[in-house]
Amino acid sequence: MKVGYPCINLTIGCKGSSRFWLKSYSEERLIDTASNNLDCLHKMLRFNMKHDILFFRIASDLIPFASHAVCRLDWPSYFRREFEDLGSYINCHEIRISMHPGQFTVLNTPVPSVLENSTKELLYHTRVLDAMGLDGTAKIQLHVGGIYNNKQKAILQFIERYRDLDEKIKKRLVIENDERNYSLRDCLWIHSETGIPVLFDVLHHKLSNSGESLEEAFALFTKTWGKEDGIPMVDYSHQQTAKLNARHSESIDVERFECLLEQTKPFDYDVMLEIKDKEKSVLKVLPILMRDPRFRSTAHV
DNA sequence: CCATGTCAAGGTCAC
DNA sequence: GTGACCTTGACATGG
């Protein structure tokens, strides 16, 4: 079990996901922004290592507009050195990595241009992880997509589109249960047809499920991850506690997180805390994790 | 300098 | 059919 947070570190004062507006695109601007992002990513990983944080989600904006037609730069070559340095740091320290394309990446869309853009976006994410030399345990998480008035058909469409993807993408792609359209049960069905692993989102499951308890859910989704996929991944967040003033200070409820650990004792997994205050929430739960025999700290590496 | 408007992309729902 | 919302910031421009 490794613990982490997504994309942004609020302590160290740099940003690994800076972008700019498309209309001000220039190759120079791209190179400048991407250089800073890559540099900041390295800083965030070093910060994480100091604090026993071995799971991290890399922001999709690492190389802005990389999947857009406007980008003519051969960025994997241009930044080869930076990617290799990052990759060796990640591999040496056994850091777990994920990425999560945005809402515009939809595989089961009926619109050809959307499919084309989505495929390019998935290819971009894959190329980032490949450029770092990471193995198949570095994952790209995606929601199943839209319903289009016919869920059964939409699921079959997803399966068909998944099968058509490049092997390099397939090796990394996992699906995540969402809060509205595709529940754990739906994802498991897609898994049975395709073999794609299911990343479990605790909050989404609470909002949309088929009556499975947390224990039952863990027993189900953890089985969808093969040896080559690595330890199953979990996204954890909770709804804001009804407190005055909580609006700007959302942070993890340590007791509730402790309940999760307690309820899922038989299972090993890597957990991403999707909480507004990012690494601060991770630091808050570290003392509890340190007492958990499943937890992997930097002392193990 | 500061305030405000705008930003690649999709899907869903309320009206 | 249109527009707000998701989610949130921060880039960019105009005053």
Side-chain angles (χ1 to χ4, degrees), chain A residues 5-37 40 44 57-73 75 99-126 128 140-155 157-158 161 175-183 186-187 201 203-204 206-208 235-240 246-251 272-281:
Chain A
Y5 59 96
C7 306
I8 294 167
N9 180 297
L10 298 171
T11 303
I12 64 177
C14 69
K15 240 182 128 246
S17 52
S18 289
R19 54 177 300 138
F20 48 87
W21 290 4
L22 181 59
K23 63 183 177 185
S24 56
Y25 182 92
S26 71
E27 194 158 277
E28 190 187 3
R29 187 77 193 269
L30 171 67
I31 288 168
D32 185 49
T33 305
S35 298
N36 284 331
N37 286 345
C40 182
M44 291 191 284
R57 183 183 301 160
I58 297 174
S60 296
D61 279 333
L62 187 70
I63 314 291
F65 302 109
S67 69
H68 193 281
V70 75
C71 177
R72 315 297 303 169
L73 180 71
W75 52 269
M99 294 186 83
H100 193 345
Q103 62 191 322
F104 305 108
T105 306
V106 186
L107 269 187
N108 69 349
T109 177
V111 182
S113 61
V114 176
L115 174 63
E116 191 186 338
N117 292 342
S118 297
T119 307
K120 283 181 185 163
E121 188 69 355
L122 288 177
L123 188 61
Y124 153 64
H125 285 76
T126 301
V128 166
I140 299 167
Q141 62 188 91
L142 193 66
H143 293 294
V144 178
I147 299 282
Y148 314 107
N149 300 315
N150 185 338
K151 188 162 173 179
Q152 188 61 23
K153 197 174 150 212
I155 289 178
Q157 180 75 283
F158 179 91
R161 295 273 167 76
I175 47 173
E176 174 188 353
N177 58 308
D178 67 59
E179 70 214 69
R180 180 190 293 273
N181 291 340
Y182 295 98
S183 66
D186 299 321
C187 292
D201 187 298
L203 176 60
H204 292 166
K206 192 179 165 189
L207 299 174
S208 167
D235 280 351
Y236 179 79
S237 62
H238 50 60
Q239 278 167 326
Q240 210 147 292
R247 199 152 120 248
H248 288 294
S249 61
E250 171 144 20
S251 188
M272 176 78 56
L273 305 187
E274 294 187 315
I275 314 274
K276 266 196 188 132
D277 68 353
K278 303 287 174 181
E279 79 281 0
K280 293 182 174 70
S281 279

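Chain A is the first sequence line, chain B the second, and so forth, proteins listed ahead of strands; every chain is numbered from 1.
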Next on the checklist: Under the salt bridge (charged side-chain N to carboxylate O under 4.0 Å, His left out) definition, can you give me all pairs with a residue in residues 99-117 of chain A, not counting sequence neighbours?
Outcome noted: E116(A)-K120(A)
Checklist entry - Any salt bridge (charged side-chain N to carboxylate O under 4.0 Å, His left out) pairs touching residues 17-27 of chain A, not counting sequence neighbours? => result R19(A)-D61(A)
Item to check | Rounded interatomic separation in angstrom, taking NE2 from H100(A) and C1' from dT7(C) | outcome: 13 Å
Checklist entry - For S24(A), what residues pass the side chain to side chain contact (heavy atoms under 4.5 Å, CB included) criterion, not counting sequence neighbours? => result F20(A), W21(A), R29(A)
Next on the checklist: Measuring only the P atom in each nucleotide, how far is dA3(B) from dT7(C)? A whole number of Å is fine.
Outcome noted: 29 Å
Checklist entry - Would you say N150(A) has more than 12 foreign heavy atoms packed within less than 6.0 Å of its CG? => result yes
Checklist entry - Please, what dot-bracket string fits DNA chain B when only Watson-Crick and G-U pairs with both distances under 3.5 Å count, crossing ones use [ ] and pairs to another strand use |? => result |||||||..||||||
Next on the checklist: For Y124(A), give me all partners under ring-ring contact (aromatic ring centres under 6.0 Å, His included), at least two apart in sequence or on another chain.
Outcome noted: W75(A)
Next on the checklist: Would you say NZ of K206(A) has more than 12 non-hydrogen atoms from neighbouring residues, nucleotides or ligands within 6.0 angstrom?
Outcome noted: no
Checklist outcome for this item: Sorted by chain and residue number, the ring-ring contact (aromatic ring centres under 6.0 Å, His included) partners of H143(A) (sequence neighbours excluded) come out as H100(A), H204(A)
Checklist outcome for this item: All heavy atoms of M99(A) vs all of H125(A), minimum pair found to be CE-CD2, 3.6 Å
Checklist entry - Taking atom C1' in both dC11(C) and dA8(B), what distance in whole Å separates the two? => result 15 Å
Item to check | Non-hydrogen atoms of S237(A) and E274(A) that approach each other most closely | outcome: CB-O, 3.2 Å
Next on the checklist: Distance check, P atoms only: dC7(B) and dG3(C), in whole angstrom units.
Outcome noted: 16 Å
Checklist entry - Taking the same atom, C1', in dT8(C) and in dC1(B), what whole-Å distance lies between them? => result 24 Å
Checklist entry - Shortest non-hydrogen contact from R161(A) to N108(A)? => result NH1-C, 3.7 Å
Next on the checklist: Taking dC5(C) as the reference, what is the distance to dG5(B) when you measure between their P atoms (whole Å, please)?
Outcome noted: 16 Å
Checklist outcome for this item: In numerical order, the residues of residues 103-117 of chain A whose heavy atoms come under 4.0 Å of DNA chain C are Q103(A)
Next on the checklist: Is the shortest side-chain heavy-atom distance between L73(A) and L30(A) below 4.5 Å?
Outcome noted: yes
Checklist outcome for this item: Between T33(A) and P64(A), the two heavy atoms sitting closest are CG2-CG, 3.9 Å
Sub-3.5 Å pairs of nitrogen or oxygen atoms, protein against nucleotides 8-11 of chain C:
none

Checklist outcome for this item: Y5(A) meets the ring-ring contact (aromatic ring centres under 6.0 Å, His included) criterion, sequence neighbours left out, with F56(A)
Next on the checklist: For DNA chain B, which residues of residues 145-152 of chain A approach it to below 4.0 angstrom with any heavy atom?
Outcome noted: G146(A), I147(A), Y148(A)
Checklist entry - What closest approach, in Å, do S17(A) and A59(A) show between heavy atoms, and which atom pair accounts for it? => result CB-CB, 3.4 Å
Checklist entry - Using the P atom in both, what is the distance from dA4(C) to dT6(B), to the nearest Å? => result 13 Å
Checklist outcome for this item: By disulfide bond (SG atoms under 2.5 Å apart), C14(A) pairs with (sequence neighbours left out) C40(A)
Checklist outcome for this item: DNA chain B: first to last nucleotide in contact with chain A (atom under 4.0 angstrom from a heavy atom), 5' to 3', is dG5(B) to dC13(B)
Checklist outcome for this item: Tightest non-hydrogen contact, residues L107(A) and L115(A), listed as O-CD1, 3.6 Å
